[in-house]
Visitor: 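Here it is, the structure, as structure tokens.
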There are 2 protein chains.
Amino acid sequence: MPLPRQVSDLSPYDLLLSVARLGSVGAAARAHGITQPAASARLSSLERRLGLALLQRTTQGSRLTAHGALVADWARTAVDAAAALDAGITSLLRSSGSRLPVAASLTVAEYLLPRWLAALHVASPQTAVALTTGNSEDVAAAVLTGDAEVGFVEGPELPEGLRARTVARDTLTVIVAPGHPWSRRRSGIEPRELSAMPLVSREQGSGTRRYLEHALTRQAGASLAQPLLELSSTTAIKSAVIEGVAPAVLSSLAVAGELAAGTLRRVPISGLALARELRLVHPAGRPLVGPAQDLAAIATRAQ
Amino acid sequence: MPLPRQVSDLSPYDLLLSVARLGSVGAAARAHGITQPAASARLSSLERRLGLALLQRTTQGSRLTAHGALVADWARTAVDAAAALDAGITSLLRSSGSRLPVAASLTVAEYLLPRWLAALHVASPQTAVALTTGNSEDVAAAVLTGDAEVGFVEGPELPEGLRARTVARDTLTVIVAPGHPWSRRRSGIEPRELSAMPLVSREQGSGTRRYLEHALTRQAGASLAQPLLELSSTTAIKSAVIEGVAPAVLSSLAVAGELAAGTLRRVPISGLALARELRLVHPAGRPLVGPAQDLAAIATRAQ
DNA sequence: GGAGAGGCATAAGCCGATTCTATGAGCCCA
DNA sequence: TGGGCTCATAGAATCGGCTTATGCCTCTCC
């Protein structure tokens with residue numbers, strides 16, 4: 001189901017937000033590097049498409065109408081998300097030769113880092129982040145060798161020479177489609193039931209799968225059944241679960257949206273601790289300074 | 001600061017997500033109602049703009065590269081936010097003559113409803129929501145008269161004939177710019193200090209302001225100082241606070257982003273309970289059915 | 001092994017959306 | 001009353017994206 005046309009181009013909304021902030025169409029046009037007639041036309045066209053009066057135009061400037069204020073508040077969320085996407089992409093491009101090299105495990109890179117980068121861009125616009133991703137060992141190695149100033153890792157292991165600070169928590173979560181029998185289990189399932197059930201999972205060797213196997217072995221003396229289906233992306237796994245293929249175990253950060261929307265159900269599991277800490281690491285010798293410290297502060301506050 | 005061009009148009013990203021889900025460019029093109037060459041060009045142009053290889057094209061289909069998977073995961077957040085924006089706008093348009101009339105107070109409409117509507121659209125696409133906004137009394141009246149099937153109100157009052165269910169909580173929060181003296185107050189401030197400080201606030205009569213005055217009077221026997229500046233939008237207030245004009249008191253839902261980003265600081269306040277419940281209401285006689293029940297389930301789960 | 005189907009890229013032409021410059025009208029202030 | 005601000009409109013030029021047509025590659029199945 002593709003995105004409706006009304007909202008696929010965010011630039012009119014972005015312009016609307018600038019008008020709201022600056023108080024006039026002309027000022028917003030200058031801020032966006034276009035002429036006033038172009039801005040005027042873009043806004044009129046938006047109003048015509050939506051069939052809503054968003055702006056109250058006067059000869060002293062323009063203000064949002066009640067509907068306009070509501071739309072602007074909603075639009076801000078989308079525009080902020082797009083800015084986070086841009087921050088992520090931009091940092092991905094600067095693979096070297098830049099200011100603040102950051103290494104992150106996949107979970108952090110996917111679900112947490114974009115917002116932090118967007119916030120960092122606001123707090124210190126001249127800082128250029130160069131992002132590399134990898135598993136927690138790769139990240140630790142990058143930080144130790146100095147290839148990265150700051151790293152974000154999952155799990156408890158911590159090589160000598162690194163200092164760490166917990167910035168977020170993440171819980172592996174058993175998910176099923178709403179119709180699945182497990183979704184009606186109030187009491188939760190036992191580790192043995194999970195271990196006996198063929199799951200939809202990532203390929204062998206993925207961080208999430210390794211961590212689940214490890215926890216199951218250590219805490220319940222059990223192991224995972226042969227997966228019913230191995231897929232290479234979290235998104236593909238969620239789709240398969242939603243279609244009722246089988247349950248899966250994914251990061252709580254990955255499924256928060258679907259759980260909220262009700263398209264997936266969480267199944268409690270008893271007697272198995274599946275929480276792991278996401279931690280910021282940096283060399284023990286070198287305290288964080290400048291932009292790295294800013295990023296650390298943002299990540300810490302964001303908890 | 002306008003949105004970068006890379007991300008102002010989300011349609012290439014939307015298309016990328018479809019390719020990831022469907023496994024081929026042609027299938028994604030069909031899903032979006034465009035031809036295969038158009039989709040191919042749109043994706044190539046995205047890759048060229050970003051300077052990143054996102055897709056691995058084969059004669060059997062296309063898969064995401066590692067970079068592509070990361071970008072797709074980030075993009076999903078932005079696309080979902082845009083879908084929520086669309087859901088909000090669409091519901092705003094159907095001011096009457098439609099399926100599920102919903103009335104909501106401004107706080108709920110601004111910060112919570114869009115995601116619920118987007119989830120509802122997934123769960124039951126044929127449901128058309130008609131949204132009206134107003135203060136809690138308006139909402140209660142609309143539900144009582146049957147103008148709305150479901151309502152969302154703030155605060156504890158509950159007219160006869162309505163049943164309510166708490167779906168979220170919201171706390172009025174004192175915010176200051178990072179440099180403000182209050183931001184260094186670990187112990188929090190006293191109600192008397194707040195009451196003596198001229199604030200940036202909404203105009204008289206706004207729900208948030210009334211609630212704050214009420215709480216201050218009832219719980220601390222104090223009243224609000226004359227505001228330093230009255231502004232008509234939450235956004236304008238946040239900007240003023242960030243620029244250091246004065247502290248303000250806003251909903252925690254309104255400032256979560258800025259607090260996470262560190263552009264605003266929260267100041268604890270002792271001896272004043274400023275939490276309020278956001279509740280779903282419906283006529284006592286008529287239990288929720290159909291789409292209204294779906295929406296209630298989504299709102300309840302989303303907590 | 002050859003035919004068919006499905007996958008993708010390229011080329012050429014068309015159409016439309018958006019932009020710019022130029023200009024006019026309304027309001028405020030000195 | 002003139003200058004400066006606001007916004008809207010008009011006409012011309014430009015740019016980008018779409019469609020159709022085509023070719024190449026690979027897998028599958030007879």
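Note that these values count all heavy atoms, side chains included, but never hydrogens, waters or copies made by symmetry. All values derive from a computational prediction rather than experimental measurement. Residue numbers start from 1 in every chain, and the chains themselves are labelled A, B, ... in the order their sequence lines are given, proteins ahead of strands.
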Visitor: Measure from CG on B/Leu43 to P on D/dC18 and round the result to the nearest Å.
Guide: 10 Å

Visitor: Salt bridge (charged side-chain N to carboxylate O under 4.0 Å, His left out): which pairs involve residues 225-242 of chain A, sequence neighbours left out?
Guide: A/Arg209-A/Glu230, A/Lys238-A/Glu258

Visitor: Grab the CG-C1' distance between B/Leu46 and C/dA9 for me, whole Å please.
Guide: 17 Å

Visitor: For D/dG16, take OP1 and OP2 only and decide whether either is under 4.0 Å from a side-chain N or O of B/Ser45.
Guide: no

Visitor: For B/Ser11, which residues count as a side-chain hydrogen bond (donor to acceptor under 3.5 Å, both in side chains) partner, sequence neighbours excluded?
Guide: B/Asp9

Visitor: Assign a letter to each nucleotide of nucleotides 22-30 of chain C from its 5' end: B, base within under 4.0 Å of a protein heavy atom; S, sugar-phosphate only; -, no contact.
Guide: B---BSS--

Visitor: A/Arg202: which residues meet the side-chain hydrogen bond (donor to acceptor under 3.5 Å, both in side chains) condition with it, sequence neighbours left out?
Guide: A/Thr234

Visitor: Pick base, sugar-phosphate or nothing for A/Ser44, based on heavy-atom distances below 4.0 Å to the nucleic acid.
Guide: nothing

Visitor: Please report the end-to-end axis angle for the helix from C/dG1-D/dC30 to C/dA30-D/dT1, five pairs per end, rounded to 10 degrees.
Guide: 20°

Visitor: Taking only residues at least two apart or on different chains, which pairs with a member in residues 28-46 of chain B satisfy salt bridge (charged side-chain N to carboxylate O under 4.0 Å, His left out)?
Guide: none

Visitor: Using whole Å, what does the distance between atom P of nucleotide C/dA17 and atom CD of A/Gln6 come to?
Guide: 16 Å

Visitor: So, using salt bridge (Lys or Arg N to Asp or Glu O under 4.0 Å) as the criterion, who are the partners of A/Arg57 when residues are at least two apart?
Guide: A/Glu47

Visitor: May I have the list of side-chain donor-acceptor pairs in residues 67-76 of chain B shorter than 3.5 Å, sequence neighbours left out?
Guide:
residue, atom, partner, partner atom, Å
B/Trp74, NE1, A/Ala109, O, 2.6

Visitor: Which residues pass the side-chain hydrogen bond (donor to acceptor under 3.5 Å, both in side chains) test with B/Gln36, sequence neighbours left out?
Guide: none

Visitor: Measure CD1/A/Ile34 against C1'/D/dC15 and give the value in whole Å, please.
Guide: 16 Å

Visitor: Using a cut-off of 4.0 Å on non-hydrogen atoms, how would the nucleic acid contact of B/Thr35 be classed: base, sugar-phosphate, or nothing?
Guide: base

Visitor: May I ask you to test the B/Val79-B/Thr77 pair for a side-chain heavy-atom distance under 4.5 Å?
Guide: no

Visitor: Would you kindly compare A/Val19 and B/Asp9 by the position of their nearest DNA chain D nucleotide and give the one closer to the 5′ end?
Guide: A/Val19

Visitor: Just to be sure I understand the geometry, which residues of residues 47-58 of chain A put a non-hydrogen atom under 4.0 Å away from DNA chain D?
Guide: A/Arg57, A/Thr58

Visitor: Under 4.0 Å: is that the gap between some side-chain N or O of B/Arg42 and OP1 or OP2 of D/dC18?
Guide: yes

Visitor: Give every residue pair that meets the salt bridge (charged side-chain N to carboxylate O under 4.0 Å, His left out) criterion with at least one member in residues 125-134 of chain A, sequence neighbours excluded.
Guide: none

Visitor: Only counting residues at least two apart or in another chain, list the ones meeting side-chain hydrogen bond (donor to acceptor under 3.5 Å, both in side chains) with B/Ser62.
Guide: none

Visitor: One pair to check against side-chain contact (heavy atoms from CB on, under 4.5 Å): A/Val249 and A/Leu199. What are the steps and the verdict?
Guide: CA-CA 8 Å; A/Val249 178; A/Leu199 302 174; 4.0 Å; yes

Visitor: Whole-Å distance between D/dC5 C1' and A/Leu22 CG?
Guide: 15 Å

Visitor: When the distance from CG of A/Leu15 to C1' of D/dC7 is rounded to whole Å, what number comes out?
Guide: 14 Å

Visitor: Using only atom types and a distance under 3.5 Å, with no angle test, would you say the side chain of A/Asp14 pairs donor to acceptor with the backbone of B/Leu3?
Guide: yes

Visitor: Any base atoms under 4.0 Å from B/Ala38, or only sugar-phosphate, or nothing? Heavy atoms, all strands.
Guide: base

Visitor: Rounded to the nearest angstrom, tell me the gap between atom NE2 in B/His32 and atom C1' in D/dG17.
Guide: 16 Å

